Asks: 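Below are the structure tokens for one structure; questions will follow.
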Amino acid sequence: MPFLRSLNSLQLKAATHADGPLLVLAGAGSGKTRVLTSRIAHLVKNKRVAPSSILAVTFTNKAASEIRERLTALIGDKTKEMCVGTFHTAGLRILQEEATEAGKKTKLTIFDDEEQLLLVRLIMSELSLDEKDVPSKMILYEINLAKNNNMGAAEYRAASDDSLSRTAAAVYEVYQKKLRAMNAVDFGDLISEPIRLLESDPGVLNKYSSRFRYILVDEYQDTNRSQYTLTRLLASKHSNLCVVGDPDQSIYGWRGANLKNILNFRDDYPEAVVIKLEENYRSTKNILSAANSVIRNNSERLDKTLWTANHAGDAVHYEECLNEYQEARFAVNRVRKIITENPTAKYRDFVVLYRTNTQSRTFEELFFEEGIPYNIVGGFKFFDRREIKDTLSYLKAITNPDDSLNFLRIINVPPRGIGRAAIEKVHAISRDFDLSLYESFRKAVADSAFSRGGVAEFMGIFEAMRQEAGELPIHEFTSRVLIRTGYLAFWSAKKTEDADERLKNLDGLVASIKNYEDSHPKATIADYLNLVALMSDADGFNEKHNKVTLMTIHSAKGLEFPYVFLTGLEEGLFPHKRSIEEESVEEERRLCYVGMTRARRQLFLLSAKNRAAGKETNLQIRSRFIEEIDSEHLNKVELEPKGTAEEHMEKIRRLLNP
DNA sequence: GTAATATAGCTTTTT
DNA sequence: GCTATATTAC
């Protein structure tokens, strides 16, 4: 088979491994995705495995569609029958299928982090908990962590031993009750609810564990306890579980990822075959050696050394810059220089990587000023904008009126005279009669509880929209909602500059929904909403545009670029201050390793001596990661120690050109 | 009782 | 720089 011929012997061994558990320890750039797709193609083409009995789980939708694309090239239309997606999409599908089976509502709403936080705050005020005593974000963090560890509210309560976790336990219990009443799930539920179904019902377990004869999990080093449990359950019948990952690239510990899942794979499956892929096909010798010299400093790791037959290439370049502005300036100059000197280099060959999203601003400003095309991935997302969130809230409330949270969000948006007092009145009804907010409002209107007609009028519009929801195409329906609710008129009436921008964004939303409908003719509003909820930052990356990419190192996982700028290499920023406080610098080092190994030809490491933080500017110390790189692979350009004159010039420059 | 306006507070990484 | 909360105006 041609797709097997291009593999090296170890890749081939992994791709053609017969039945039984398989662990592939795949270093950066060792052809991991190739092994995954070749293995699936081999199963379907050579082993005559039905595509519908294969489940492939990836970390992002982007990675899933990449696998799909590559597979379509290898095995054609059969790819459509396969189940390829993230843990969350797989979980959602199980929940929907089982709900249909049980004759229950299938339209569940997925709550994003903002909705989660809103719900936590709501519960905290009901329990008379003060934000100042216990921050809601901390409570939510605890709840999410518990869910990632597959701990239900009762189990979490039993394990809580300090005041914070006892408070969190109390909120968690109400939180879960409310989610169920609202027919909503959060990200954690998309994994833990399927687990609950599989564990409580042998019939369900038998059904899914029989269905998926072959299971493949990518980025296994970043799975958490819940994902691990779900995987184990699904693989329990056939044990044809192939997991691929690299412990050195585990960068989601803060989200509950557990390195033990991959390190202890053999404890769970003693018969597992382990294959190490240590040949890197991506980077130059210098880049790889530099990356190896950094990751070597971690104590908790499996022994593994990546090597490459590629050229030595240029030494890794380290440039110490005066400030974040000069850091961006260096990147701009270097992009220009390389593009002029090398006719094959294109803007799309470059990426600027940073630790925190806020760092993108300086780069964005300068790239814009200098006319260099760029594309920011993640960060401030289109779907995070107020006007977009409001519109989606409307759609959520209309399609799922049990969703009191989103109903509450939009009841007085735009302002229509339904304020605190009115809401509190209806809130009391919902408590007394155990009704959703929507039902309570209906009851209040029916009982003529409001003297003025504002509420009744709005409820009339809301009912009418519910009627229309199934009758119109989604994008037309969305336009109708924006008009009938007065939302469009609200922004049109405002004369501020940002109102214009918001109206444009709303047009953009309707256009993007139309786009979606054209490619998914059978999709419902709920399908669209679920898709948006499960979209990830990295999904916004488009390699077809000829632009320089700007993104966080986290988003860059799994990607590669000929030229990489790894920026902000300063103590407190990278490694981040909080990781130093929490003694999790090893994860930051892995993150640095991930960043460095994205580069194919040339790697630039940048740091700023002065960095603006809010109102003041801090003197920065260069990152320990720079010091860890063997000097033979590093070309250091440092600032003159007596840089006062230059610093002075720079200050004047900034004053003249703010 | 509700809407518009001023102020404080925060900004690690994200399915 | 931008959003949730507190204060003031209608």
Side-chain angles (χ1 to χ4, degrees), chain A residues 57-64 85-92 110-114 116-118 121 125 131-132 135-137 141 144 147-148 185-191 219 222-224 226-227 250-257 353-362 364-365 377-381 384-386 389 412-425 450-452 454 490 494 496 498 530 532-540 551-557 568 572-582 584 587-588 590-592 594-595 612-615:
Chain A
V57 185
T58 59
F59 206 67
T60 63
N61 293 300
K62 163 98 187 147
T86 64
F87 270 108
H88 295 88
T89 51
L92 176 65
I110 301 170
F111 276 5
D112 63 16
D113 45 0
E114 193 189 284
Q116 281 189 290
L117 195 62
L118 225 57
R121 288 196 176 136
S125 73
E131 177 81 38
K132 288 178 198 96
S136 50
K137 278 197 172 161
Y141 185 77
N144 280 333
K147 289 196 176 197
N148 287 336
V185 290
D186 60 20
F187 288 127
D189 284 343
L190 286 172
I191 315 296
E219 310 280 12
D222 283 322
T223 52
N224 58 39
S226 290
Q227 292 164 333
S250 170
I251 54 175
Y252 285 94
W254 50 275
R255 214 170 73 185
L353 300 177
Y354 35 79
R355 178 66 180 83
T356 65
N357 277 304
T358 45
Q359 288 168 253
S360 70
R361 250 187 42 212
T362 322
E364 182 175 17
E365 278 168 14
V377 175
F380 213 64
K381 281 167 285 180
D384 282 342
R385 290 167 202 273
R386 256 270 302 288
K389 287 230 155 193
N412 199 36
V413 176
R416 51 172 73 90
I418 305 173
R420 273 177 81 131
I423 288 167
E424 192 35 57
K425 199 163 158 185
F450 293 103
S451 50
R452 283 186 291 128
F490 170 72
K494 290 212 170 185
T496 49
D498 67 299
N530 289 342
V532 170
L534 296 179
M535 244 175 5
S536 67
D537 269 9
D539 297 341
M551 59 165 86
T552 62
I553 309 163
H554 280 91
S555 306
K557 194 172 77 160
L573 183 63
F574 193 21
H576 196 271
K577 186 162 104 235
R578 277 182 67 165
S579 76
I580 299 170
E581 286 160 9
E582 288 162 14
S584 54
E587 180 154 311
E588 297 283 304
R590 290 193 292 267
L591 192 58
C592 184
V594 168
K615 276 183 223 161

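Quick caveat: nothing in here was measured; it's all calculated off a predicted structure. Order of the sequence lines fixes the chain letters, A, B, ..., with proteins taken first and strands second; residue numbering starts at 1 for each chain.
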Asks: What integer distance in Å separates A:R420:CZ from C:dA6:C1'?
Replies: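 The answer, rounded to whole Å, is 10 Å.
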Asks: So do the side chains of A:I110 and A:H88 get within less than 4.5 Å of each other, counting heavy atoms only?
Replies: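 They are not in side-chain contact.
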Asks: Which residues satisfy the ring-ring contact (aromatic ring centres under 6.0 Å, His included) test with A:H576, sequence neighbours excluded?
Replies: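 Partners of A:H576 by the ring-ring contact (aromatic ring centres under 6.0 Å, His included) criterion come out as none, since no residue qualifies.
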Asks: Among the candidates B:dT15, C:dG1, B:dT14, find the nucleotide nearest to the side-chain atoms of A:F187.
Replies: B:dT15
Asks: Can you tell me the distance, in whole Å, between the CG atom of A:L591 and the C1' atom of B:dT14?
Replies: 13 Å
Asks: In terms of the nearest nucleotide of DNA chain B, which residue is placed more toward the 5' end: A:A421 or A:Y252?
Replies: A:A421
Asks: For the residue pair A:W254 and A:E587, establish whether any side-chain heavy-atom pair is separated by less than 4.5 Å.
Replies: yes
Asks: Check whether any side-chain nitrogen or oxygen of A:T358 sits under 4.0 Å from OP1 or OP2 of C:dG1, and answer yes or no.
Replies: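 Negative; the distance criterion is not met.
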Asks: Ring of A:F450, cation from A:K425 - is the NZ or CZ under 6.0 Å from the centre and inside 45° of the axis?
Replies: yes
Asks: Less than 5.5 Å between centroids and less than 30° between ring planes, does A:W254 satisfy that with B:dT13?
Replies: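 The base of B:dT13 is stacked with A:W254 (centres under 5.5 Å, planes under 30°).
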Asks: Between B:dT13 atom P and A:K557 atom NZ, what is the distance in whole Å?
Replies: 16 Å
Asks: Using a cut-off of less than 4.0 Å, is there contact between a side-chain N or O of A:T552 and OP1 or OP2 of B:dT14?
Replies: yes
Asks: If you check the A:P415 side chain, which of B:dT15, B:dT13, B:dA4 turns out closest?
Replies: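 Within the option list, the nearest is B:dA4.
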Asks: Over all strands shown, is A:F87 touching base, sugar-phosphate only, or nothing at heavy-atom distances under 4.0 angstrom?
Replies: nothing
Asks: Want to settle it: does A:K137 or A:R416 sit nearer the 5' end of DNA chain B, counting the closest nucleotide to each?
Replies: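 Closer to the 5' end of DNA chain B: A:R416.
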Asks: How many Å lie between CD1 on A:I251 and P on B:dT15, as a whole number?
Replies: 11 Å
Asks: In whole angstrom, give the distance that lies between atom CG of A:D113 and atom C1' of C:dT3.
Replies: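 Rounded to the whole Å, the gap is 15 Å.
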Asks: Can you tell me the distance, in whole Å, between the CD atom of A:E114 and the P atom of B:dT14?
Replies: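 For the pair A:E114 CD and B:dT14 P, the rounded distance is 16 Å.
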Asks: For A:A422, answer base if it contacts any base atom (sugar-phosphate contacts may also be present), sugar-phosphate if it contacts only those atoms, and nothing otherwise; contact means non-hydrogen atoms under 4.0 Å.
Replies: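 Sugar-phosphate contact only.
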Asks: Between B:dT13 atom P and A:Y354 atom OH, what is the distance in whole Å?
Replies: 10 Å
Asks: Roughly how many Å is it from CG in A:N412 to P in B:dA3, rounded to a whole number?
Replies: 5 Å
Asks: List in chain and number order the residues that pass ring-ring contact (aromatic ring centres under 6.0 Å, His included) with A:F574, two or more places apart in sequence or in another chain; answer none if no residue qualifies.
Replies: A:F625
Asks: Are any of A:N357's side-chain N or O atoms less than 4.0 Å away from OP1 or OP2 of B:dT11?
Replies: no
Asks: Can you figure out which of B:dA3, C:dA4, B:dT15 approaches the side chain of A:R121 most closely?
Replies: C:dA4
